[in-house]
Amino acid sequence: MKRRDFIELSLLAGAGTMLFTGCKSALPFGLSGNENQIPSYLTDYKELYAKNPREAATQWFKDAKYGMFIHYGLYSILGRHEWVQNNEKIHVADYAKLKDQFTAEKFDADFITDLALQAGMKYINLTTRHHDSFCLWDTKYTDFNSVNSPAKRDLVAELSEQCNKKGLAFFLYYSHGRDWRHPHAPNNDKWGSSARPKFDTPEPYYKYGAEHDLNIYLEFMSNQVNELLTNYAPIAGIWLDGIGVPMTGDRSLFKCQELYDMIHAKQPQVLVSYKQGLLGTEDFLAPERKFSSKENIKVPLEICDHLQRKGWGYTKTEDGNHKTKEEVIAMLKKANEYPANLLLNTGPLPSGEMHPEDVKVLREVGKEIKSRGWKNLLKA
């Protein structure tokens, strides 16, 4: 019997025995029977955590300053940007063939977490599912995932375990507003030209007209986010992407507040973001590269940027042209002026190996932080 089948049968039977990665209990942090177990990254905030887990997490986030963003998926194999399926109008069936080449043989969660610590970072954010809908965990809601590839690995579980072991907070990127595979994901007819690739011929995988039902897609996403929060704990944040799509129409149709409420109920310390803010009820804002206003910021701010000069996922043409130690320190100073955290992205090679140029620079920056201290490093 396959592992996934066994788990599903156990749950149906009421066994409920599946353990969280890196946890001693099968209950989410902060819920019944587990109130005294504090996520390792929040041990310095235990008094506040006992009163209000999310307030403790918010204060931790304000103090964190620096995190690692990882864009890794099928697009890494091609090395032509994480939007390659959209930009090159690759049909779903053709793009799906990349799954048979996904080995992730050099994806090393132990190395990655050590690197983050050496860099002076406090957290890691992994793309669990990007716009192409390929999932890096053992999900029962689609077979388009890393466990069902030659890799046969749950990369979310591996990174979760190492983060929890080493006191790093673990954030999960999840593409919400944009999906280029799911038949009922937002389409270009109703949600603007950026929702899906502009194929020259109709994509047979998609549903159109009266057959298209956004609610089926919303249920799929809710199930997956619930699954992530059930299978992995503690999670520090759910980082939603694809905001440009719901912003083009009636955003209430996406039922985001229901999703936020479910996330907070599942693991009370979890912080939710949706880029620069979709509803105004997000726990922090996470715009790309800059924020339009430095005034009236009511929640914590995070600026995400990349070590490549262009693109988040591995882009081969950028080899030899990644950002330097001095440029990263300048980004840290710029983020601090808001004030904001810097979420600095690296795009691993097709094998999952961390890009050597990024490894070198991250370690150099880490040495500067350690020798000079944050206060001196961030001086103008």
Side-chain angles (χ1 to χ4, degrees), residues 20-22 39 41 61 64 66-77 82 102 104 106-117 119 121-139 144-147 149 151 153-176 221 224-225 227-242 263 267 270-273 275 286 288 302 304-308 311-314 341-355 358-359 362:
F20 293 115
T21 301
Y41 69 96
F61 188 80
Y66 194 23
M68 176 186 287
F69 209 0
I70 302 173
H71 272 67
Y72 184 53
L74 296 186
Y75 46 82
S76 306
I77 296 171
E82 74 283 352
F102 190 78
K106 292 187 177 180
F107 184 94
D108 187 339
D110 186 30
F111 179 89
I112 291 168
T113 47
D114 280 351
L115 178 62
L117 291 171
M121 294 166 161
K122 300 297 185 183
Y123 59 104
I124 292 176
N125 187 345
L126 175 69
T127 52
T128 65
R129 170 185 171 274
H130 207 269
H131 305 328
D132 62 0
S133 208
F134 183 69
C135 302
L136 297 184
W137 79 96
D138 189 9
T139 176
F144 197 53
N145 65 69
S146 59
V147 177
S149 76
R153 292 169 61 186
D154 184 328
L155 304 186
V156 175
E158 293 176 20
L159 203 48
S160 172
E161 180 179 10
Q162 289 299 318
C163 283
N164 294 339
K165 179 180 178 181
K166 299 175 185 178
L168 287 162
F170 190 35
F171 285 69
L172 306 181
Y173 167 109
Y174 186 87
S175 182
H176 178 271
M221 290 194 298
Q224 283 208 313
V225 172
E227 181 180 55
L228 285 166
L229 292 167
T230 299
N231 292 0
Y232 314 102
I235 298 302
I238 297 293
W239 203 100
L240 301 174
D241 194 15
I263 293 169
Q267 291 193 38
V270 174
L271 303 178
V272 176
S273 76
K275 300 304 282 285
E288 295 179 11
E302 173 191 78
C304 54
D305 209 332
H306 38 65
L307 281 162
Q308 292 180 156
W312 304 86
Y314 173 59
N341 294 349
L342 174 65
L343 180 63
L344 187 59
N345 182 76
T346 179
L349 300 174
S351 65
E353 179 185 2
M354 298 296 275
H355 200 294
D358 295 350
V359 172
L362 290 172

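This one's a predicted model, so the numbers in the text were calculated from it and none came from an experiment.
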[X] side chain near [Y] side chain, heavy-atom distance below 4.5 Å:
X: Leu307; Y: Leu362; result: yes
X: Gln308; Y: Tyr314; result: yes
X: Leu228; Y: Ile235; result: no
X: Arg153; Y: Ser146; result: no

**Report entry** Check against side-chain contact (heavy atoms from CB on, under 4.5 Å), Trp312 and Cys304
**Finding:** CA-CA 10 Å; Trp312 304 86; Cys304 54; 3.9 Å; yes

Locate the shortest heavy-atom distance separating [X] from [Y]; write the atom from each residue and the value.
X: Leu342; Y: Asp305; result: CD1-CB, 4.3 Å
X: Ile77; Y: Pro350; result: CA-CB, 3.9 Å
X: Cys135; Y: Arg129; result: SG-CD, 3.9 Å
X: Ala151; Y: Ala104; result: CB-CB, 4.1 Å

Requested in this report: Please step through ring-ring contact (aromatic ring centres under 6.0 Å, His included) for the pair Tyr174 and His176, ending with a clear verdict.
Outcome: CA-CA 6 Å; Tyr174 186 87; His176 178 271; 7.5 Å; no

Query raised in the report: Going through the checks in order, is the side-chain contact (heavy atoms from CB on, under 4.5 Å) test met by Tyr232 and Asp154?
Result: CA-CA 11 Å; Tyr232 314 102; Asp154 184 328; 2.5 Å; yes

To the nearest 0.5 Å, how far apart are [atom1] in [X] and [atom2] in [Y]?
X: Met121; Y: Asn341; atom1: CE; atom2: CG; result: 11.0 Å
X: Ile70; Y: Asn345; atom1: CD1; atom2: CG; result: 8.5 Å
X: Ile124; Y: Thr113; atom1: CD1; atom2: OG1; result: 6.0 Å
X: Ile112; Y: Met354; atom1: CD1; atom2: CE; result: 5.0 Å
X: Leu136; Y: Tyr72; atom1: CG; atom2: OH; result: 8.0 Å
X: Ile238; Y: Leu172; atom1: CD1; atom2: CG; result: 4.5 Å

Name all residues meeting the side chain to side chain donor-acceptor pair (under 3.5 Å) criterion together with [X]; count only those two or more places apart in sequence or in a different chain, and write none if there are none.
X: Glu302; answer: Tyr123, Trp239
X: Glu227; answer: Trp137, Thr139
X: Asn125; answer: none

Requested in this report: Go through the side-chain N and O atoms of His71 and Thr127 and say whether any donor and acceptor fall under 3.5 Å apart.
Outcome: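 Note: His71 and Thr127 side chains miss the donor-acceptor criterion.
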
Query raised in the report: Going by the angle between their ring planes, with limits at 30° and 60°, are His130 and Tyr173 parallel, tilted or perpendicular?
Result: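 It falls in the parallel class, under 30°.
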
**Report entry** Plane angle bin for Phe102 and Phe134 - parallel if under 30°, tilted between 30 and 60°, otherwise perpendicular
**Finding:**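 Rings of Phe134 and Phe102: perpendicular, as their planes differ by over 60°.
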
Report task. Could you pull out all residues at least two apart from Tyr41 that satisfy ring-ring contact (aromatic ring centres under 6.0 Å, His included)? Result ->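 Residues passing ring-ring contact (aromatic ring centres under 6.0 Å, His included) with Tyr41: Trp60.
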
Report task. Kindly write out the residues that satisfy salt bridge (Lys or Arg N to Asp or Glu O under 4.0 Å) with Lys166, not counting sequence neighbours, or none if the list is empty. Result ->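 For Lys166, the residues satisfying salt bridge (Lys or Arg N to Asp or Glu O under 4.0 Å) (neighbours in sequence not counted) are Asp110, Asp114.
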
Query raised in the report: Can you name the salt bridge (Lys or Arg N to Asp or Glu O under 4.0 Å) partners of Asp241, sequence neighbours left out?
Result: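 By the salt bridge (Lys or Arg N to Asp or Glu O under 4.0 Å) rule, Asp241 matches Lys275.
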
